[in-house]
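The structure appears below as structure tokens.
We use all heavy atoms of the structure for the numbers below, so side chains are in, but hydrogens, waters and symmetry mates are not. We name chains A, B, ... by the order of the sequence lines, and we start the count at 1 in each one.
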Amino acid sequence: MTPADWGNILETILVVVLVIFVALGIVPVLMMAYQFLLIPFHAFRNHYRKAAPYLPNVAVIVPAWNEGAVIGASIDRLMSLEYPEGRLRIYVVDDASTDDTPDVVKAKALQYPGAVFHLRRDVGGEGKAHTLNHGIRIVLSEDWMEALLIMDADVIYLPDSLRRMTRHLADPEVGAVTAYIREGSTEKNFLNRFIAFEYVLSQIGSRRAQNVLGALACLAGGAQLHSRFNLVDIGGAIDTSSLAEDTVTTFKTQLAGRRVVFEPYAVVLAEEPLAIAALWKQRLRWARGNVQLTKRYKDVWFRPSRKHNLGSISFGLFWFSVFLLPVLMILSSIGLIGLLLLESNLASEVFRILWVTAACTYIYTMLLAAQLDPVTGRSSWREAILFPGLISIVIMVSALLPGFFEVVVPAWFGFHITETGLFLWTLFTYIWISVSMLGAWLTKAVDGTRAGRWLSPLLTYIVGYGPILCAVTFDSYIKEARGAAMVWDKTEKTGRVMG
Amino acid sequence: MTELGERALQREIDDNRRSERRLIPQALLALLIVAAIVFVRQVYFL
């Protein structure tokens with residue numbers, strides 16, 4: 001063979017590798033589409049046939065650290081839940097608060113004797129799991145509790161939410177139930193509206209799909225109801241060794257052979273961050289927890305089992321398409337740019353396949369999600385449209401409607417794009433999928449500045465909310481690789497949620 | 001739990017189960033709109 005032949009072979013191999021890189025970028029898009037295509041199957045594959053009227057004795061554990069502003073109202077709302085009197089007890093675990101939390105809780109204990117209890121930890125700051133375990137130990141030392149509800153101090157349960165959760169525990173195969181956490185701030189800023197729509201996608205959308213698959217990724221930290229049997233069986237305590245104690249509990253329950261059910265009609269209102277920096281901090285903790293769990297459960301992934309569905313291929317693909325999203329995005333960009341530089345005709349072909357798939361998935365998921373929660377759909381319609389960011393939408397339109405931005409729009413203004421201009425535009429569209437994460441970093445950087453007040457929302461709409469979550473995941477890789485300290489940062493709450 | 005209360009709770013479960021059937025037309029509507037956009041693309045832009 002001549003050197004030219006070797007050159008051709010090497011180029012072919014390189015092209016195949018680059019096409020595989022781009023194809024890997026399509027996997028998360030396809031998994032998103034698959035999840036949302038599963039949602040209508042929840043009409044047939046749900047747990048309602050096995051649910052039954054069931055109102056067990058429920059102990060509510062509320063971890064509280066300096067929650068004086070919100071804890072009183074939270075207790076009042078819990079006591080006004082549509083649940084039989086005498087079957088509900090609230091245990092507020094005060095994690096060495098330095099504000100008026102103890103006084104507020106003690107006053108409520110007097111107001112609701114035998115139903116509200118103040119448990120004090122004199123040394124606090126070890127994290128939510130330690131605080132919860134303090135309460136769980138005390139609750140388990142008595143026989144009264146039949147089910148345990150773990151919640152956050154600031155969330156608000158709608159009156160019918162608890163009884164809509166307990167009905168699934170009538171089935172002994174169910175170990176735990178979770179609810180729909182809805183962003184509940186009375187006056188939402190741009191970020192709250194994005195989060196509100198994200199929760200529609202990730203909870204009443206994605207978790208319905210997980211119900212269909214029979215494997216749930218995570219019980220919401222602010223709304224998880226466990227049967228006593230399940231709680232005892234998973235060790236009678238919440239995991240304290242990772243930043244994702246809720247996910248560990250969810251996995252332990254399912255690995256023990258019990259089901260975890262998401263109940264879409266049990267609604268819990270929560271206050272979410274107002275600023276990008278606070279969101280980043282919160283999501284970084286979640287993402288780092290997921291990195292830790294991916295390693296911890298390495299023997300579970302892609303190993304189907306008769307006992308649970310966490311090892312199913314579908315669930316593994318869901319998990320890793322989120323966990324590896326930043327890597328897949330970068331590989332996809334490398335693939336596209338490589339093909340462009342090799343002057344391969346495949347570059348534009350695979351680009352179109354990638355972005356047309358993304359566009360169709362985006363349109364379908366947004367339209368379905370807006371119908372799943374019409375209230376949030378109406379209040380967050382701008383954020384639903386701009387969820388992937390304005391630039392990504394322009395790229396989707398250019399992939400869906402070839403020539404629209406390159407020929408049609410310039411013609412409206414009486415000019416045409418030169419070949420160099422076209423090359424630069426193509427290059428930009430190919431690298432945007434990765435560069436969007438840098439844009440997300442920039443959005444976070446400007447958020448704390450004076451200009452951030454107007455620049456941060458503007459950049460979020462342009463760059464997208466999705467890339468922010470992706471950049472946080474990338475940051476979690478870095479923090480975990482560097483072995484950064486595991487700090488349980490509490491998200492600041494101000495009592496903006498009203499039931 | 002009184003018999004009346006139990007009946008109301010069971011009715012609520014049945015109502016919620018039936019409500020899930022709405023997911024089918026909702027998904028079909030979303031798919032129909034995607035199909036319409038793809039049709040426009042195929043007919044007018046390719």
Given heavy-atom pairs under 4.5 angstrom as the criterion, report whether the side chain, backbone, both or neither of [X] touches chain B.
X         : value
Arg352(A) : side chain
Arg164(A) : side chain
Pro402(A) : both
Ala33(A)  : neither

Short side-chain donor-acceptor distance under 3.5 Å, Tyr54(A) and Glu6(B) =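 No, because no side-chain N or O of Glu6(B) sits under 3.5 Å from a partner of the opposite role on Tyr54(A).
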Return the [atom1] to [atom2] distance between [X] and [Y], rounded to the nearest 0.5 Å.
X         : Y         : atom1 : atom2 : answer
Ile33(B)  : Met366(A) : CD1   : CE    : 14.0 Å
His47(A)  : Asn16(B)  : NE2   : CG    : 14.0 Å
Asp160(A) : Glu12(B)  : CG    : CD    : 6.0 Å

Tell me, for Leu29(B) versus chain A, whether the close heavy atoms (under 4.5 Å) come from the side chain, the backbone, both or neither.
->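 Just the side chain, heavy atoms under 4.5 Å.
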Between Ile37(B) and chain A, which part of the residue has a heavy atom less than 4.5 Å away: side chain, backbone, both or neither?
->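 Ile37(B) touches chain A through side-chain heavy atoms alone.
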Heavy atoms, side chains only, cut-off 4.5 Å: are [X] and [Y] in contact?
X         : Y         : value
Arg22(B)  : Gln371(A) : no
Val356(A) : Arg41(B)  : yes
Leu372(A) : Leu23(B)  : yes

For residues 356-402 of chain A, which residue pairs qualify under ring pair (Phe, Tyr, Trp, His ring centres under 6.0 Å), counting only residues two or more places apart or in two chains?
->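 Applying ring pair (Phe, Tyr, Trp, His ring centres under 6.0 Å) to every pair that reaches into residues 356-402 of chain A, excluding sequence neighbours, yields Phe387(A)-Tyr465(A).
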Should we count CD of Glu85(A) as having more than 12 external heavy atoms under 6.0 Å?
->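 Not buried by this count: 12 neighbours or fewer within 6.0 Å.
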side-chain contact (heavy atoms from CB on, under 4.5 Å) between Leu31(B) and Phe36(A), intermediate numbers included = CA-CA 11 Å; Leu31(B) 281 173; Phe36(A) 271 70; over 6 Å; no
